[in-house]
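Here's the structure we're looking at; comments come further down.
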Amino acid sequence: VFGGTEEEEDLYSPVERFLKDRYDGYQVMDTTRKKIKSGRLADFTAFKKSIFGWRVISFEVKAKPEAFEYFLNQADDIKKHSDELYLFATPHFILEAGFKKTKDVKDAEKTVLGLLKKEGIGLYVIDEYLRARRKEAVKLIFEAKNNNTKKDIKNKIIEELGIQRSAN
């Protein structure tokens, strides 16, 4: 419905391919099932070392509109170790999650976009309808703007995931 899917897992493979192309030069890791002591991880995490230190970009995939509130809660933890956080969602997710908040179809999209922008979370929309027709199915809606990163937490997570060892 509306370019959506009910299962997050259906989106993992196309999202991972997109990230590996789009974030060339980064080490993109599927962190969906990774458990660490230092905090929560998003579904995918991209790492890149530079002379200024590590750059960490996190990507969370959501398909079910009822997961929007849970995502906002997750985002607080993820932003602590991420320079940027992006949500990957379907058009269906955006409309339904917004409708649950406003009960007004015309304001549904605006409500979700406003909440994400307020939190500094970027947004990619992945349209399953377009993907099924082998067209460009991922579109950046707006960039992330996080300034809550805690360097010590970021460094602990990098260490726990063994990123420093694999980057050398």
Side-chain angles (χ1 to χ4, degrees), residues 1-24 26-36 39-48 55-102 104-105 107-131 135-150 153-154 157 161:
V1 184
F2 302 118
T5 179
E6 283 297 308
E7 298 306 319
E8 233 174 71
E9 293 79 18
D10 294 344
L11 301 173
Y12 290 161
S13 181
V15 166
E16 186 171 20
R17 278 193 309 276
F18 173 82
L19 292 175
K20 287 182 176 179
D21 287 344
R22 168 70 176 82
Y23 291 89
D24 188 35
Y26 281 79
Q27 180 181 344
V28 175
M29 182 182 282
D30 178 345
T31 46
T32 308
R33 290 174 181 76
K34 297 248 187 229
K35 302 288 184 221
I36 56 170
R40 282 198 254 192
L41 296 169
D43 293 318
F44 296 92
T45 311
F47 302 90
K48 186 175 187 178
R55 180 128 187 94
V56 177
I57 305 174
S58 295
F59 306 91
E60 183 65 25
V61 178
K62 291 293 181 216
K64 293 182 180 176
E66 52 275 6
F68 185 61
E69 288 299 322
Y70 179 73
F71 166 71
L72 292 175
N73 181 280
Q74 270 181 302
D76 289 337
D77 288 340
I78 295 168
K79 288 191 305 184
K80 290 177 185 171
H81 66 265
S82 301
D83 297 296
E84 297 174 26
L85 170 59
Y86 286 89
L87 171 63
F88 267 88
T90 64
H92 172 253
F93 176 94
I94 301 296
L95 290 173
E96 286 290 321
F99 184 71
K100 286 180 186 313
K101 289 201 148 305
T102 67
D104 186 351
V105 172
D107 289 332
E109 182 180 356
K110 186 169 57 173
T111 299
V112 170
L113 300 182
L115 282 167
L116 294 173
K117 284 181 179 178
K118 179 181 166 216
E119 294 297 320
I121 300 166
L123 176 63
Y124 280 103
V125 170
I126 181 165
D127 191 323
E128 284 293 280
Y129 176 80
L130 292 175
R131 194 170 81 79
K135 295 184 178 182
E136 183 59 44
V138 177
K139 182 177 181 183
L140 175 64
I141 305 302
F142 51 83
E143 299 275 343
K145 297 186 181 349
N146 184 20
N147 33 357
N148 301 330
T149 310
K150 310 277 189 260
I153 295 173
K154 179 167 50 170
I157 285 174
L161 290 172

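These values consider heavy atoms only, across backbone and side chains, with no hydrogens, waters or symmetry-generated copies.
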**Item:** Minimal non-hydrogen separation, Leu85 against Ala144, with atom names
**Value:** O-CB, 3.3 Å
**Message:** Would you compute the distance between atom CD1 of Ile36 and atom CG of Leu41 and round it to the nearest 0.5 angstrom?
**Reply:** 3.5 Å
**Asked** Between atom CD of Glu60 and atom CZ of Arg40, what is the distance when rounded to the nearest 0.5 Å?
**Response** 9.5 Å
**Message:** Which residues pass the side chain to side chain donor-acceptor pair (under 3.5 Å) test with Tyr124, not counting sequence neighbours?
**Reply:** Tyr23
**Prompt:** Which heavy atom in Tyr70 sits nearest to a heavy atom in Lys62, and how many Å separate them?
**Reply:** CD2-NZ, 4.0 Å
**Prompt:** Do Thr31 and Phe59 touch side chain to side chain, with heavy atoms closer than 4.5 Å?
**Reply:** no
**Message:** Restricting to non-hydrogen atoms, name the atom on Ala63 and the atom on His92 that form the minimum distance, rounded to 0.1 Å.
**Reply:** O-ND1, 4.4 Å
**Distance (rounded to the nearest 0.5 Å) between Thr111 OG1 and Leu116 CG** = 11.0 Å
**Request:** Indicate yes or no: at least one non-hydrogen side-chain atom of Asp43 is less than 4.5 angstrom from one of Phe88.
**Result:** no
**Prompt:** What residue pairs, at least two apart or across chains, pass side-chain hydrogen bond (donor to acceptor under 3.5 Å, both in side chains) with a residue in residues 112-122?
**Reply:** Lys79-Glu119
**Closest non-hydrogen atom pair, Thr45 against Ala42** = OG1-O, 4.3 Å
**Request:** Would you please name every residue forming a side chain to side chain donor-acceptor pair (under 3.5 Å) with Arg55, sequence neighbours left out?
**Result:** Glu84
**Complete:** On a heavy-atom basis, the closest approach of Ile126 and Val15 is CD1-CG2, 4.0 Å
**Message:** Rounded to the nearest 0.5 Å, what separates atom OG1 in Thr32 from atom CD in Glu16?
**Reply:** 8.0 Å
**Request:** Please report the closest heavy-atom contact between Val61 and Glu8, naming both atoms and the distance.
**Result:** O-CD, 2.9 Å
**Complete:** Hits for side chain to side chain donor-acceptor pair (under 3.5 Å) against Glu143, two or more places apart or cross-chain, chain-then-number order -> Tyr86
**Asked** Does Asp24 have any side chain to side chain donor-acceptor pair (under 3.5 Å) partners at least two apart in sequence or in another chain, and if so, which?
**Response** none
**Fill in**
Contacts of Phe142 meeting ring-ring contact (aromatic ring centres under 6.0 Å, His included) (sequence neighbours excluded), chain-then-number -> none
**Prompt:** Is it true that a side-chain atom of Thr149 and a backbone atom of Lys80 form a donor plus acceptor pair closer than 3.5 Å?
**Reply:** no
